[in-house]
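Throughout, a chain's letter reflects where its sequence line sits, starting with A, and its residues are numbered from 1. All heavy atoms count here, side chains included; hydrogens, waters and symmetry mates do not.
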Amino acid sequence: MDPETRMLPGEVRVFDPAGLERLVEALVEAGYRVLGPTVRDGAIVLDEIASAGELPHGWTAEQDAARYRLRRRDDDAMFGWAVGPHSWKQHFLPARARLWRAAAPAGQGPPTIEEEPPPERPLALLAARPCDLHAIAIQDRVLLEGRYVERDYALRRRDAFVVVVNCGVPGGSCFCASMGTGPRAERGYDLALTEVLDGGHRFVVEVGSARGAELLAAVGTSPAREEDLAAAHAVTDEAVFRMGRSLDTAGLPELLAANLEHPRFAEVAERCLTCGNCTAVCPTCFCTSVEDVNDLADGSAERWRVWDTCFSIDYSTIHGGSVRRSSRARYRQWLTHKFGTWVDQFGTSGCVGCGRCITWCPVGIDVTEELAAIRARDGEVDRALAR
Amino acid sequence: MTPVPHRVRSRVRETHDTWTLELESLAEPIRPRAGQFDMLYAHGVGEVPISVSGDHEGALTHTVRAVGAVTSALCSLEPGALVWVRGPYGNEWPLAEAVGRDLVVVAGGIGLAPLRPAIRHALAHREDYGVLSVAVGARTPADLLYVHEIEAWRARLDAEVDVTVDAATPGWRGRVGLVTKLIPGAPFDPENAVALVCGPEVMMIFVVRALVERGMPASRIWISLERNMRCGVGHCGHCQLGPTLICRDGPVYRADEVARLLEVREL
């Protein structure tokens, strides 16, 4: 490699919008299946992309509780929006995945179990958000870093190349600044882009790994000048103050543990449809169920792993019935797990402040509002539950 | 986490709906300890967590109550049939910590199954423990598990084994009443005893209360909890009870550590 173009982790470079096309090409060239944001069905979703032309340039999305609307921007920004309904868990922990199959029992020996083969190509995430990186780290903690490794997740997650895009346009439901998960990524990426519009549309890129440096060499960049660095930092510094929401996180696990019978849970349950939309869009919700299916024709069997939700009445069913029959109990499970007992279980909060659960709740239930309401009436007990 | 094929070596009917299966591994043997559980998969039907109920050399012993599609499929397997097993998962009864102390075992219904290996261990290492006091409760005489084995335990001079039923049927000459009623008269020293309790959750709550009333600290009472489990390895989320995952941190808990959680309705 030409010593002129050799880069090291920590280095900062700049490229123009055409460089984005070369970045996508370089990722495809390097053998990755490139996933990125694209506009479809009135939303910015994550899917396989073949060119930077598929990115949502010139689009933004207005977000608020139970509200998401695509809007045209008056510029050509590629990443002038926050997060959409999809998160990367759809690719690392798909909603439905076959884990293995086994032939029918026959003859003397037992049938062998054939596990699903690993994906053919590792994934490249283009335009993960800083909150998304934290969400991936949280799922890694649950599925990879405990006593047992989730094989399917590990295979999909393995060698994934991460291009994070720091946030300049937080959404109305965003509160990553409160959760300490954004709007600037600190680690966990191969390349970190900041889209700068002032003084010429360009991308300031921080190199996070050796392979990030290697890939960037194929893109064609110039060294970042002082004003590029300043402009990039200004983007995220200003984003901190444009969060649509905020959350007081002080002592949340203790607050929730002490308020399991708080009257707010019955109040929110009057609105909650227990549809599970929040858990489907949440980038950290990892609950799954197992479906064992068999082929009536040949007796072979398959095991599938499917997303589940703590809002389903079956989720907690044991012989004798469901443990959490009321929607009050199911909402409490979600909220206290996400912000409280997740810490006991996995040493980290389960929330990254992406706001998806607020935007995509059909009745506009807002976790920041629920938690603030519990805090405001700390210690109140639902009289209907007294015994 | 991939199931290991096993063959049913033997199947014994315990009650009208409960069977004990001995399973022989066709590959790597699984060696659970008392208190742990395995995930049993009936081919093409489904998978359920089942406590280990025996300690036979070279075979896994599980006592299964046919209450759903999967457990019914498991209970109908004939010797030689295929069963897939993953495990062992979860923690174990604190038999090592109880050495030198009186051992109190209180079982309700199918809750005797996970306690049976602990009782057998104590009987096999009788010199390790002080008084061995076992209280067994069942709904009716017909629901009693391991009747012949309980009779053998009762024949021993170095163990106190008492049995009661909630509702007697004609011919029953034993005790009638809840198992909690056996605790005040059980011959153990509350100052120096360890208690192992398993049964329906509400029964365990009342047993813990009765043991504490006898003067036992809740920190020396252990209970085994049940919740929905899909994976057994802490990945699926189903078995949460507040801050704990029962498949990963349990199923055996010190009563004082979960007492508050069990008091919260629908937690």
I'd like to verify something: which residue of [options] has the highest number of heavy-atom pairs under 4.5 Å with chain A?
options: P243(B), G44(B), G234(B); answer: P243(B)
options: M1(B), R7(B), H43(B), R65(B); answer: H43(B)
options: H235(B), R248(B), R230(B); answer: H235(B)
options: P200(B), G46(B), C236(B), C231(B); answer: C236(B)
options: L82(B), T71(B), L261(B), V48(B); answer: L82(B)
options: H6(B), M229(B), E201(B), R260(B); answer: R260(B)

Practice item. Go through the steps to decide whether E266(B) and R324(A) satisfy the test salt bridge (charged side-chain N to carboxylate O under 4.0 Å, His left out), and finish with yes or no. Key: CA-CA 5 Å; E266(B) 296 190 88; R324(A) 299 184 201 102; over 6 Å; no
Relative to the ring of [Y], is the ring of [X] parallel (under 30°), tilted (30 to 60°) or perpendicular (over 60°)?
X: F265(A); Y: Y331(A); answer: tilted
X: W84(B); Y: W100(A); answer: tilted
X: W334(A); Y: F311(A); answer: tilted

Point to revise | Pair N259(A)-D378(A), side-chain donor/acceptor within less than 3.5 Å | key: yes
**Study point:** Pair K338(A), S349(A): side-chain N/O donor-acceptor within cut-off below 3.5 Å
**Key:** no
Relative to chain B, which segment of [X] carries a heavy atom at a distance below 4.5 Å: side chain, backbone, both, or neither?
X: P253(A); result: neither
X: S316(A); result: backbone
X: R328(A); result: side chain
X: D314(A); result: backbone
X: E261(A); result: side chain
X: S322(A); result: neither
X: R330(A); result: neither
X: Q345(A); result: both
X: V149(A); result: backbone

Lys NZ or Arg CZ of [X] over [Y] ring: under 6.0 Å, within 45°:
X: R303(A); Y: Y41(B); value: yes
X: R96(A); Y: W307(A); value: no
X: R227(B); Y: Y315(A); value: no

For [X], is it the side chain, the backbone, both or neither that has a heavy atom under 4.5 Å from a heavy atom of chain A?
X: P3(B); result: both
X: Q240(B); result: both
X: V45(B); result: backbone

Practice item. Report the distance from atom OG1 of T348(A) to atom CG of D344(A), rounding to the nearest 0.5 Å. Key: 12.0 Å
Check your understanding: Is any side-chain N of the basic residue among D132(A) and K89(A) closer than 4.0 Å to the acidic one's carboxylate O?
Key -> no
Check your understanding: Does the distance from a Lys or Arg side-chain N to an Asp or Glu carboxylate O, for R375(A) and D248(A), drop under 4.0 Å?
Key -> yes
With a 4.5 Å cut-off on heavy-atom pairs, point out which of [options] contacts chain B the most.
options: A301(A), A102(A), C310(A); value: A301(A)
options: G340(A), G146(A), P111(A), G320(A); value: P111(A)
options: T336(A), T317(A), V343(A), V142(A); value: T317(A)

Review point. Should I138(A) and F286(A) count as side-chain neighbours, where that means a heavy-atom distance under 4.5 Å?
Key: no
